[in-house]
Amino acid sequence: MAQLISDLSVERVRGNLARIAGELTAAAARGPGRPAVEVLAAVKYLSSAELPKLAEAGVRVVGENRAQELEAKVAEHGPLFEWDFIGQLQSRRVRLIVPHVRLIHSVASDSALRELERHSALVRPGLRILIEVNLAGEQGKAGVAPGELDAFIARSPVPVAGLMTMPPLVDDPERNRRWFAALRELADERGLEQLSMGTSQDYVVAAEEGATIVRIGTKLYA
Ligand SMILES: *Cc1c(COP(=O)(O)O)cnc(C)c1O
């Protein structure tokens, strides 16, 4: 874990957000006609004390990677944002997350589905999940294989809103275009509305390929 950022500037984030929003609007217009692209701020880099600055800068949706961090941050700043979970979902932590979040972006295991079922009484009304897909077949990386997607969706005890992917780390974002296009195709074929794809390295390409949510950290705070 890199050192937490503790000197965030509201003006800098506001400026970055405006620039990114402009880039996303232009990119979406070049793409397959998805609606506006939502910016989710990845907050694993930030201590809880920094979060009010994000709200002041205009951020409305945040995503956290660790269940206990999510709990702590929601306890301090819950009403400021919509909260999503974007990290690897450990089944024994599912119950900590489900009372608070709008979307879990990263459901990829049957044990997570079982925990969602088991704790259904705790689930925030309206909670939906995205299924993480491992498109590139990368070893050791979370994600359901495309061929197993339909059966996995059929086993989900909560509504599936869409798909998410974490493509390989690349220098040239163009190299991830095919993965984003493939995720869009999988979603379109199944009538799934949400596509969570694109990070600081490749959000423009992701928006061109139909992302509905981009998850951005580094470029928002830099
Ligand atoms: C940290 C993180 C991001 C944001 O990554 P940046 O490269 O900092 O924009 C997006 N998605 C997930 C799942 C993350 O953990």
Side-chain angles (χ1 to χ4, degrees), residues 1-9 12-13 15-24 27 37-48 50-51 53-54 57-70 73 81-90 93-94 97 100-109 112 128-136 138 140-144 161-177 179-180 183 194-209 211-222:
M1 192 68 224
Q3 182 136 24
L4 290 179
I5 298 171
S6 60
D7 59 348
L8 206 59
S9 139
R12 199 164 60 212
V13 175
N16 288 339
L17 190 60
R19 189 191 68 248
I20 290 166
E23 290 171 328
L24 289 171
V37 186
E38 179 178 272
V39 176
L40 172 153
V43 294
K44 63 172 178 274
Y45 308 107
L46 305 179
S47 68
S48 187
E50 297 298 288
L51 294 185
K53 296 183 197 167
L54 284 192
V59 169
R60 293 288 164 258
V61 182
V62 296
E64 177 54 64
N65 291 69
R66 287 156 301 166
Q68 280 150 323
E69 273 293 303
L70 178 86
K73 286 172 174 169
F81 307 103
E82 281 286 352
W83 298 83
D84 286 4
F85 188 79
I86 62 173
Q88 282 216 10
L89 199 56
Q90 292 173 287
R93 300 262 162 82
V94 166
I97 297 165
H100 307 299
V101 296
R102 172 190 73 154
L103 288 175
I104 302 174
H105 288 234
S106 41
V107 177
S109 71
R128 299 192 298 165
I129 62 171
L130 309 179
I131 310 297
E132 183 169 359
V133 184
N134 184 347
L135 287 159
E138 289 177 276
K141 191 157 183 173
V144 175
L163 305 177
M164 177 270 215
T165 199
M166 283 284 283
L169 276 176
V170 290
D171 292 327
D172 177 5
E174 281 299 329
R175 294 181 55 200
N176 280 336
R177 185 180 293 280
W179 305 124
F180 297 141
L183 195 72
Q194 297 288 352
L195 278 172
S196 170
M197 57 188 197
T199 66
S200 290
Q201 66 167 354
D202 49 21
Y203 62 88
V204 170
V205 172
E208 284 173 350
E209 293 301 330
T212 61
I213 307 175
V214 295
R215 308 177 311 271
I216 302 192
T218 318
K219 287 236 172 128
L220 201 51
Y221 313 133

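Numbers here are sequence positions counted from 1. Atoms within each ligand, like the ligands themselves, are counted from 1 in listed order. Computed from a predicted model, the values in this text were never measured in an experiment.
- Salt bridge annotation for R93-E64: absent, with no cationic side-chain nitrogen under 4.0 angstrom from a carboxylate oxygen.
- R60 pairs by the side-chain contact (heavy atoms from CB on, under 4.5 Å) definition with nothing, not counting sequence neighbours.
- Contact residues of ligand 1 (protein heavy atom closer than 4.0 angstrom to a ligand atom; sorted by chain and number): A42, K44, Y45, N65, I86, M166, T199, S200, R215, I216, G217, T218.
- When the side-chain contact (heavy atoms from CB on, under 4.5 Å) test is applied to E23, the partners found at least two apart in sequence or on another chain are R19, I20, Y203, V204.
- E138 meets the side-chain contact (heavy atoms from CB on, under 4.5 Å) test with N134, A136, K141, P168; sequence neighbours excluded.
- Judged by distance alone, the side chains of Q194 and T212 do bring a donor and an acceptor atom under 3.5 Å apart.
- Side-chain contact between S48 and K73: present, with at least one pair of heavy atoms (C-beta onward) separated by less than 4.5 Å.
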